[in-house]
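I have placed the structure first, in the form of structure tokens, so that the comments after it can refer back to it.
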Amino acid sequence: MNVQPDNKAMKRDFDIVGKRTPRPDGIDKVTGRARFGADMSMPGMLWGLVLRSPHAHAKIKRIDTSKAEKLNGVHAIVTSKDFGPCDDSLLDIRENVMAREKALYDGHAVAAVAAVSRSVARQALKLIKVDYQVLPHVTDVDEAMKPDAPVINDKLFTKGLDKTPKKPSNIAERFEFGHGEVEKGFKEADLVIERTFRTEATHQGYIEPHACVASMGADGRGEMWVCTQGHFMVRNTCAGLLGIDVSNLRVTASEIGGGFGGKTTVFIEPVALALSLKANRPVKMVMSREEVLRASGPTSSSSIDVKIGMKKDGTITAGDATLRYQGGAFPGSAVPYGAMACFAPYDLKNVRAIGWDVIANRPKQAAYRAPGAPMGAYAIESVIDELCRELKLDPIDVRLKNASSDGSKASYGPNFGVIGLKATLEAAKNHPHWKAKLGKNQGRGVACGFWFNFGGETSVSLNVNVDGTVGLSVGTPDIGGSRASIGNMAAEELGIPHDKVRCIIADTASLGYNDVTDGSRVTFASGMAAIQAARDAIGKLCERAAKIWGIPVDAVVWEKGHARPASPNAGKHEPLSLADIAAQAGATGGPIAGHCEINAEGAGVSFATHMVDSEVDPETGHVKILRYTVFQDAGKAVHPSYVEGQFQGGAVQGIGWALNEEYIYSKDGRLQNPGFLDYRIPVCSDLPMIDTVIVEVPNPGHPYGVRGVGETSIVPPLAAISNSVSDAAKVRMTRLPMSPPNVLKALGRI
Amino acid sequence: MFQVHVRTRINGDDTEFSCEADETLLDALRDRLGLTGAKEGCGTGDCGACSVLVDGRLVCACLMLGAEAEGCDIETVEGMADGSKLHPLQQKFLDHAALQCGVCTPGFLVAAKSLLERNDNPTEEEVRYWLAGNLCRCTGYDKIVRAVLDTAADMRKASKPKPAKAKKASAKGRVSA
């Protein structure tokens with residue numbers, strides 16, 4: 001089902017964009033031929049493994065590697081001593097990839113070995129002796145903020161306060177967003193509800209663990225094969241950490257087995273390169289699942305206070321929220337995004353969101369799909385739901401009444417452009433799901449969500465080949481079908497069949513810099529760059545046609561894949577196809593190519609409304625998702641199947657976050673569930689089909705109206721499911737995950 | 001380290017390899033034989049990305065030792081297509097866009113093939129429970145379930161004789177998973 005509101009900005013008829021074309025990397029992926037991170041091997045390759053801290057917080061007094069070095073088959077051992085001076089901006093990454101004076105979390109890397117086989121490397125790890133002095137630790141966000149909490153970093157003084165404190169603490173920074181006067185707004189309300197919510201840390205849960213092969217030659221030139229969301233980021237970071245010229249490191253992105261934000265930084269990659277540098281041989285490293293969970297970048301856990309006032313007619317008079325996120329052992333949690341995004345769906349006169357960035361003895365958090373936003377939305381949308389319930393108001397009507405629309409002043413500052421929130425709410429209101437009957441112990445919830453989306457630095461090359469086919473090189477790893485969507489946009493622009501364009505992810509030596517695949521930016525920004533590169537090439541194709549015909553170039557137009565005379569005055573010439581012109585390229589001036597290097601502006605924000613039915617078993621506390629519908633504004637769905645896939649995948653990750661997934665730490669600060677058996681992501685039998693409604697309110701900032709779609713889909717589910725369970729259980733849920741013990745507690749049964 | 005010599009048949013080819021005594025079948029397939037279609041997502045039998053058929057039984061290759069494959073008939077994702085002709089499940093996964101990143105896809109295909117060899121008319125619930133041992137983090141499973149149900153419907157329509165419950169093993173081998 002597609003909903004396309006009447007919008008005059010979207011006039012363009014498309015031949016290819018919007019079609020469900022076959023996936024270019026599909027056959028490789030169904031036959032096992034696709035090469036992911038761990039599928040690469042190099043001649044003479046060694047295996048690298050990491051020794052990790054078993055302590056949550058400990059001083060590293062001494063590391064003795066002498067016995068391990070003597071083991072036959074061991075070729076290199078590295079510790080923090082092998083990572084020398086670097087730019088200040090890389091200091092936290094340097095310390096995260098290899099602990100220095102202290103181990104800061106359970107799983108923190110302290111040493112690494114490279115050996116002829118994995119079994120020899122495993123033996124070597126056992127021979128490394130580390131003397132630790134165990135220190136007091138803290139893993140909980142609220143505990144970490146207390147004045148008497150163990151101080152993790154004695155150089156950390158809270159930023160963002162009127163006066164910088166004299167004592168160090170675990171509070172890295174305070175943020176504040178909003179406008180108006182919230183206290184005045186609360187006085188205007190007929191009902192004010194104030195609640196505190198808690199969410200646990202979750203993991204992106206990509207099925208492919210981090211993997212890489214690094215090869216550093218004696219000539220100082222290196223190559224890397226990495227599963228990453230950004231190979232240019234890997235190149236720049238690794239070069240910076242190891243003092244290598246950027247041009248001397250060439251990084252190729254493998255196929256990537258999921259990332260969701262978790263592969264936007266480095267963990268083992270600089271370590272593999274350091275080992276290769278030392279051993280003078282290629283080194284392959286692959287994380288185990290346990291390492292992924294203990295030592296990559298999960299989300300923050302959070303603790304959030306929300307106060308919202310509403311009039312009897314549903315008008316929200318004021319909203320106030322305080323969000324506290326622990327982001328692991330280093331500053332930089334996504335709390336500012338959470339504080340900016342949480343009230344964004346609503347056009348409020350009085351709004352304030354305060355964020356506290358807190359460190360704790362946990363792995364440094366990384367981005368996870370709309371980083372920071374789902375927790376904030378969970379808290380705000382829960383209180384709005386409760387207000388609607390208390391005032392006996394329809395939750396969709398109340399949201400429509402308060403919804404941000406074109407030109408609204410966003411709670412985080414700017415004014416919105418053309419946005420589609422109301423269109424998603426209208427679609428939800430008119431969907432049969434909204435009117436379907438519910439049974440005993442069943443409930444329905446709705447919630448809205450927002451994400452900014454992003455443009456960023458992007459470089460694309462488009463080569464016209466002699467036979468009329470086109471090679472399109474982009475620099476943003478394809479994480480869910482972007483080669484198809486970008487290739488199809490280029491084909492659309494050129495006017496040639498989609499299967500005449502082959503889109504590849506070029507290595508770092510072959511293109512200008514590209515930002516990582518993140519911020520839902522790739523179909524938007526690489527797509528925009530591909531369109532511009534195609535237009536660049538079309539200009540050159542027209543020049544060649546003009547040359548062949550002996551007429552001025554401004555007398556040539558490009559239509560449906562052909563150069564044509566612009567008017568009868570230009571003379572009678574048979575149209576020349578792209579292939580006709582390509583075949584004569586050598587005789588008319590040489591190769592024909594189009595390029596585009598941009599810092600893409602004009603990203604369009606995206607909104608979604610989710611609707612979910614659940615059933616609560618009052619005996620066991622088990623929650624079953626019965627029905628789920630996603631309504632999201634895609635701007636323009638370039639490849640609808642992949643847009644649906646993003647909607648469905650985000651919703652199901654949200655279901656996991658809401659119902660099952662959590663990082664469980666024991667009192668000694670060790671992660672208790674570092675495996676897929678105990679860190680339980682949703683499985684096939686947990687779920688119904690996930691229905692999707694693609695709303696298309698074109699983004700004026702993109703030639704085809706594209707908005708990013710990847711991240712918004714995980715923002716509403718936590719709240720929508722919590723509202724549904726609260727409806728079914730007849731009690732307000734304020735804690736995630738809503739696992740059976742937590743549900744039974746809320747029901748007062750345990 | 002001491003290595004064991006193992007004789008197997010893999011995707012119809014008689015294949016011999018040597019592996020360390022404590023090496024998994026998955027590592028042997030991937031690192032000794034270059035059959036990297038089966039993936040390691042967990043190493044503990046929880047994600048199904050390494051699903052292979054051993055004497056017709058669906059097995060996580062990470063839970064079986066390479067040495068235990070002696071005399072076994074092994075099928076991996078690399079053996080599913082008949083030359084350039086895709087297996088119907090492979091084609092339906094493409095038609096339904098039932099993959100995003102694709103790293104779980106080989107395991108899902110092998111597991112789904114195993115289901116359809118036993119039951120050519122599964123209900124949605126049967127598909128969901130059969131595939132509950134295969135984790136996918138991208139798709140939410142919706143399009144995967146549709147692809148499997150659609151394949152089953154087509155296979156029934158083609159009214160070919162039902163496939164045998166399990167392929168005849170070339171030799172008796174113990175499956176420990």
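The sequence lines fix the lettering, A, B, ..., with proteins before strands; numbering per chain opens at 1.
Between A/Arg680 and A/Glu661 there is no salt bridge, since none of the side-chain N atoms of the basic residue sits less than 4.0 Å from a carboxylate O of the acidic one. One finds a salt bridge joining B/Arg9 and B/Asp14 here, because a Lys/Arg side-chain nitrogen approaches an Asp/Glu carboxylate oxygen to under 4.0 Å. The pair A/Asp39-B/Arg30 meets the salt-bridge criterion, with a side-chain N (NZ, NE, NH1 or NH2) lying under 4.0 Å from an Asp/Glu carboxylate O. Checked for salt-bridge contact, B/Glu40 and A/Arg289 miss the test: no charged N lies under 4.0 Å from a carboxylate O. Note on B/Arg146 versus A/Glu644: no salt bridge recorded, every NZ/NE/NH1/NH2 to OD/OE distance being 4.0 Å or above. Salt bridge annotation for B/Asp27-A/Arg118: present, with a cationic side-chain nitrogen under 4.0 angstrom from a carboxylate oxygen.
For the set B/Val127, B/Asn134, B/Leu35, B/Val77, the count of heavy-atom pairs under 4.5 angstrom toward chain A peaks at B/Val77. When the candidates A/Gly259, A/Gly650, A/Pro209, A/Ala211 are compared by the number of heavy-atom contacts under 4.5 Å with chain B, A/Pro209 comes out ahead. Listed options A/Ala38, A/Gly32, A/Gly205 were ranked by heavy-atom pairs under 4.5 angstrom with chain B; first place goes to A/Gly205. For the options A/Asp25, A/Leu687, A/Val30, A/Ile256, heavy-atom pairs under 4.5 Å to chain B are most numerous at A/Val30. Most heavy-atom pairs under 4.5 Å with chain A: of the set B/His96, B/His87, B/Gln90, this distinction falls to B/Gln90. Of the residues considered (B/Asp31, B/Thr139, B/Asp142), B/Asp142 shows the highest number of contacts with chain A, using heavy-atom pairs under 4.5 Å. Here A/Pro688 is the residue among A/Gly675, A/Pro688, A/Ser288 with the most heavy-atom pairs under 4.5 Å with chain B. Ranked by heavy-atom pairs under 4.5 Å with chain A, the first of B/Arg137, B/Lys143, B/Glu125, B/Gln100 is B/Arg137. Note on A/Val652, A/Val286, A/Val683: by heavy-atom pairs under 4.5 Å with chain B, the leading option is A/Val683. Of the listed residues (B/Gly140, B/Ala97, B/Gly37, B/Gly41), the one with the most heavy-atom contacts under 4.5 Å to chain A is B/Gly41.
Within 6.0 Å of the CD atom in B/Glu16, the count of heavy atoms belonging to other residues, nucleotides or ligands exceeds 12. Other residues, nucleotides and ligands contribute only 12 or fewer heavy atoms inside 6.0 Å of the CG atom of A/Asn72.
Both cation-pi conditions hold for A/Arg23 and A/Tyr642: the charged atom is under 6.0 angstrom from the six-membered ring centre and inside a 45 degree cone around its axis. Geometrically, A/Lys263 engages A/Tyr206 in a cation-pi contact defined by less than 6.0 Å to the ring centre and at most 45° from the axis.
Residues B/Glu124 and B/Val145 form a side-chain contact, since some pair of their non-hydrogen atoms from C-beta on lies under 4.5 Å apart.
Contacts between B/Tyr129 and chain A at a heavy-atom distance below 4.5 Å involve backbone atoms as well as side-chain atoms. In this structure, the portions of A/Ile681 lying under 4.5 Å from any heavy atom of chain B include both its backbone and its side chain. Only the backbone of A/Ile479 comes within contact range of chain B, with heavy atoms under 4.5 Å apart. Within the 4.5 angstrom heavy-atom criterion, atoms from both the backbone and the side chain of A/Pro682 approach chain B. Both the backbone and the side chain of B/Leu99 come within contact range of chain A, with heavy atoms under 4.5 Å apart. Contact of A/Ile27 with chain B is made through backbone and side chain together, with heavy-atom distances under 4.5 Å. Proximity to chain A is absent for every atom of B/Thr44, based on heavy atoms less than 4.5 angstrom apart. With a 4.5 Å cut-off on non-hydrogen atoms, A/Thr31 touches chain B through its backbone and its side chain both. Interface remark: A/Phe647 contributes no atoms to any contact with chain B (heavy atom separation under 4.5 Å). Contacts between A/Glu208 and chain B at a heavy-atom distance below 4.5 Å involve backbone atoms as well as side-chain atoms. Within the 4.5 angstrom heavy-atom criterion, atoms from both the backbone and the side chain of A/Ser641 approach chain B. B/Asp95 does not touch chain A: none of its heavy atoms, backbone or side chain, sits under 4.5 Å away. Within the 4.5 angstrom heavy-atom criterion, atoms from both the backbone and the side chain of A/Gln646 approach chain B. Of the two parts of A/Ala651, neither the backbone nor the side chain holds a non-hydrogen atom closer than 4.5 Å to a non-hydrogen atom of chain B. For B/Leu135, the parts lying near chain A are the backbone and the side chain together; criterion is any non-hydrogen pair under 4.5 Å.
Relative ring orientation between A/Trp657 and A/Tyr368 is described as parallel, the plane-to-plane angle staying below 30° on a 0-90° scale split at 30° and 60°.
To the nearest 0.5 Å, atom OH of residue A/Tyr679 and atom CG of residue A/Leu671 are 10.0 Å apart.
In this structure a side-chain-to-backbone donor-acceptor pair under 3.5 Å is present from A/Thr264 to A/Gly261. Of the possible donor and acceptor atoms, one in the side chain of B/Asp55 sits under 3.5 Å from a partner among the backbone N and O of B/Asp73.
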